[in-house]
There are 2 protein chains.
Amino acid sequence: MKSLISNIQIQVQHSLYLKDPLSSELGKKIIKGSIELICELGFEQFTFKKLAVKIASTEASVYRYFESKNKVLLYLTNWYWSWLEYRLVFATTNVPSAYDQLTKAVYLLTEDITEDGNFEHIDEGKLHQIVLSESLKSFLTKDVDSDNEGGAFAPYKNLVQRISNIILQINPNYKYPHMLVSTVVEGAHIQRHFANHLPRLTDVVEGEDAVAEFYSQIVFKAIK
Amino acid sequence: MKSLISNIQIQVQHSLYLKDPLSSELGKKIIKGSIELICELGFEQFTFKKLAVKIASTEASVYRYFESKNKVLLYLTNWYWSWLEYRLVFATTNVPSAYDQLTKAVYLLTEDITEDGNFEHIDEGKLHQIVLSESLKSFLTKDVDSDNEGGAFAPYKNLVQRISNIILQINPNYKYPHMLVSTVVEGAHIQRHFANHLPRLTDVVEGEDAVAEFYSQIVFKAIK
DNA sequence: CATTTTCAATAGTTTTACTATTAATTTTGC
DNA sequence: GCAAAATTAATAGTAAAACTATTGAAAATG
């Protein structure tokens, strides 16, 4: 990823936090520390107590910003979806062919992100790791419906809708655009997780990006 | 599902339990109660204490059978994968055409299971619900690698391998058979979950089985 | 029938998730 | 410029969850 616009800030919905973490130094340390700690320990082992120790603050102070660790995860995944949508819009504006737009979109959805980029308090590579391993958990909960009512999945839905529209430009009769896009998004995450931990459930080829290639084939064959 | 053979028992690996739950009445009550309670409360809210109250036993007694609630989830998902493989073998033996075998396999992977079947202590419909919402969590953990070493995902891998072999019979040059199968398995679960909770991420059509139809198209177009 | 093993209950401990209260700091109203 | 109001983050908790040590009773074994 080349640098886009340097002083852009990605806004996450207010319903996910008690106090905007971008509004104070402690807030930014909470975000930065959460990304590092969730990446390191996994979401289950991540606690506000451990985070507080890491950033030299206290548990209670973290609770001033976030109601629960689940909201932190929702905050981070929402940031990620908004960031992805922003990059998608950037990559597809002024591209006249819907076909080329979809190629870029599928690439963005399936690529492996390792670099850290433009945002001082967010390490995009580590955040991508978190999204691979943990983002599914944000809607595989009994709270899905209430979280959803509060708009917690809006950026994800927007992204899926946007790419679905590109698909419908190419083939207006295709019946399952949303299913296709969300299959690619979640599938790419799971396949990368499998490649890291359960290789017999996937087909990783050394030196090739099999995940990107596989889903690109799937998408273009599906809508033909 | 029509009844197959009535006195078949599905064996789950010893590494997942401390004492075989099928070896005593209490053990069977633990399995039956766990399925009901996880289905009702979700895995996060499920505790051994609540289970003990439900089956009129004690927390400590449950710990005689299972090391942790994660192992219970692994036990249940393993049972499910073994059951699915059993049904797959049953549905494809004596079917000469690999194409027909694959059609049946995709159907088994994507169908919606609601009925309770042949196993006294296991409600297959509820177990399917659990697999839809919770099975991903069994490998989205920091324990994946050690669980995997203990063989916790063997039945899943077997199932994927078996269907991959069918795909390779149809098209020996297809590069991504495992990725395709695991995409269908996990995708079907996630899409059904979306249909229930986040419909804007999928394309549910009233009265049709869109999930089965979508993945069937994906598979046969992909390997062509 | 004595010995060993297994079983499941009681009664813990430790950790996690979350809250009430308060001193210190910052913001604001005039 | 300073008192009042609001905000911040620390201390010190509680309640529940996850898990363990111990033990008497029941069952299996030799």
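The chains referred to below are lettered A, B, ... by the order of the sequence lines, with proteins before strands, and numbering in each begins at 1.
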Length of the line joining [X]:[atom1] and [N]:[atom2], which is rounded to integer Å:
X     : N      : atom1 : atom2 : value
A:K50 : C:dC18 : NZ    : P     : 15 Å
A:F48 : C:dT19 : CZ    : C1'   : 14 Å
A:E59 : C:dT19 : CD    : C1'   : 10 Å
B:Q45 : D:dA17 : CD    : C1'   : 11 Å
B:L18 : C:dA8  : CG    : P     : 13 Å
A:F46 : C:dA17 : CZ    : P     : 9 Å
B:E25 : C:dA8  : CD    : C1'   : 15 Å
B:L41 : D:dA17 : CG    : P     : 10 Å

query = Which part of the nucleic acid, if any, lies within contact of B:K19, taking any heavy atom under 4.0 Å across all strands shown: a base, the sugar-phosphate backbone alone, or nothing?
reply = sugar-phosphate
query = What is the nucleic acid contact for A:S24, judged by heavy atoms within less than 4.0 Å: base, sugar-phosphate only, or nothing?
reply = nothing
request  = Please check the phosphate of C:dT10 (OP1 and OP2 only) for any side-chain N or O of B:T58 closer than 4.0 Å.
outcome  = no
inquiry  = The test is salt bridge (Lys or Arg N to Asp or Glu O under 4.0 Å); show your working for A:E44 and A:K137 and say whether it passes.
reply    = CA-CA 10 Å; A:E44 281 72 28; A:K137 294 171 192 166; 3.1 Å; yes
B:L74 and B:V12: CA distance, side-chain angles, deciding distance, side-chain contact (heavy atoms from CB on, under 4.5 Å) verdict = CA-CA 10 Å; B:L74 279 171; B:V12 175; over 6 Å; no
Cationic tip of A:K69 above A:F48 ring, under 6.0 Å, 45° of axis = no
B:Y176/A:F214 aromatic ring centres below 6.0 Å = yes
ask   = How about A:H14 and A:Y17: are their ring centres within less than 6.0 Å of each other?
value = yes
inquiry  = Set out, in order, the CA-CA distance, both residues' side-chain angles and the distance that settles salt bridge (Lys or Arg N to Asp or Glu O under 4.0 Å) for A:E59 and A:R64, then state yes or no.
reply    = CA-CA 9 Å; A:E59 220 184 333; A:R64 297 284 141 187; over 6 Å; no
key: Contact list for DNA chain D against residues 61-73 of chain B - heavy-atom distance below 4.0 Å   = B:Y63, B:R64, B:S68, B:K69
query = Hey, which of these two, A:L26 or B:A60, hits DNA chain D nearer its 5' end, going by closest nucleotide?
reply = A:L26
query = Step by step, would you call A:Y215 with B:T183 a side chain to side chain donor-acceptor pair (under 3.5 Å)?
reply = CA-CA 10 Å; A:Y215 283 106; B:T183 294; 2.8 Å; yes
